[in-house]
Amino acid sequence: MKASVDQDGCISCGLCIDVCPEVFSYNENEVSQAIEGDIPENCLERAEEARDGCPVSVIDLFE
Ligand code: SF4
């Protein structure tokens with residue numbers, strides 16, 4: 001499972017980074033971006049929590 005963030009939609013609220021910092025971090029534009037590779041197994045639940053909690057629903061999890 002991988003994650004992506006719609007760079008045009010993120011409002012930089014920081015929720016995903018608080019919930020799952022192993023996967024999400026601010027980039028140089030101060031919007032959240034996801035790691036490129038697979039989400040570590042032990043972070044999957046929290047990555048889903050971040051996706052579900054994103055106030056503007058711009059996090060996608062995909063195979
Ligand atoms: S939760 Fe959504 S809006 Fe907030 S920083 Fe993460 S991707 Fe951006």
Side-chain angles (χ1 to χ4, degrees):
M1 191 79 84
K2 295 182 169 65
S4 69
V5 176
D6 174 1
Q7 300 289 289
D8 295 328
C10 172
I11 57 170
S12 306
C13 75
L15 179 144
C16 58
I17 295 162
D18 285 345
V19 170
C20 192
E22 297 91 340
V23 173
F24 302 100
S25 60
Y26 283 129
N27 63 19
E28 66 276 11
N29 299 319
E30 311 231 332
V31 295
S32 175
Q33 71 178 18
I35 56 170
E36 293 203 357
D38 286 335
I39 299 167
E41 199 74 20
N42 64 344
C43 301
L44 271 174
E45 268 185 33
R46 284 185 292 114
E48 288 172 359
E49 201 180 310
R51 175 198 58 195
D52 295 345
C54 175
V56 286
S57 302
V58 293
I59 297 174
D60 191 25
L61 300 184
F62 58 96
E63 289 295 343

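Counting starts at 1 for both ligands and their atoms, following the listed order.
In this structure, atom 3 (S) of ligand 1 lies nearest to the protein heavy atom Ile11 N, 3.4 Å. From the protein, the heavy atom lying nearest to atom 5 (S) of ligand 1 is Gly14 N, 3.3 Å. Atom 8 (Fe) of ligand 1 has Cys10 SG, 2.3 Å as its closest protein atom, hydrogens excluded (heavy atom only). Protein heavy atom closest to atom 2 (Fe) of ligand 1, with residue, atom name and distance, is Cys54 SG, 2.3 Å. In this structure, the protein non-hydrogen atom closest to atom 4 (Fe) of ligand 1 is Cys13 SG, 2.3 Å.
Shown in contact with Val56 at under 4.0 Å from a heavy atom are these atoms of ligand 1, numbered in order with element: 3 (S). Within ligand 1, the atoms closer than 4.0 Å to a non-hydrogen atom of Val5 are 7 (S), numbered from 1 in the order shown.
Of all heavy-atom pairs between Ile39 and Ala47, the closest is CD1-CB, 4.1 Å. The two residues Phe24 and Ala50 have their closest heavy-atom pair at CE1-CB, 3.7 Å.
For the atom pair Gln33 CD and Ile17 CD1, the distance stands at 9.5 Å (nearest 0.5 Å).
You'll find the side chain of Ile35 reaches within 4.5 Å of the side chain of Pro40, heavy atoms only. By the 4.5 Å heavy-atom criterion applied to side chains, Lys2 and Leu61 are not counted as neighbours. With contacts defined as side-chain heavy-atom distances shorter than 4.5 Å, the pair Asn42/Glu22 does not qualify. Between Met1 and Cys43, every side-chain heavy-atom pair lies at or beyond the 4.5 Å cut-off.
Contacts with ligand 1 closer than 4.0 Å are made by side-chain heavy atoms of Val58 only, the backbone lying farther away.
For a distance bound of 2.8 Å, the N, O or S atoms of Cys16 include none lying that close to atom 8 (Fe) of ligand 1.
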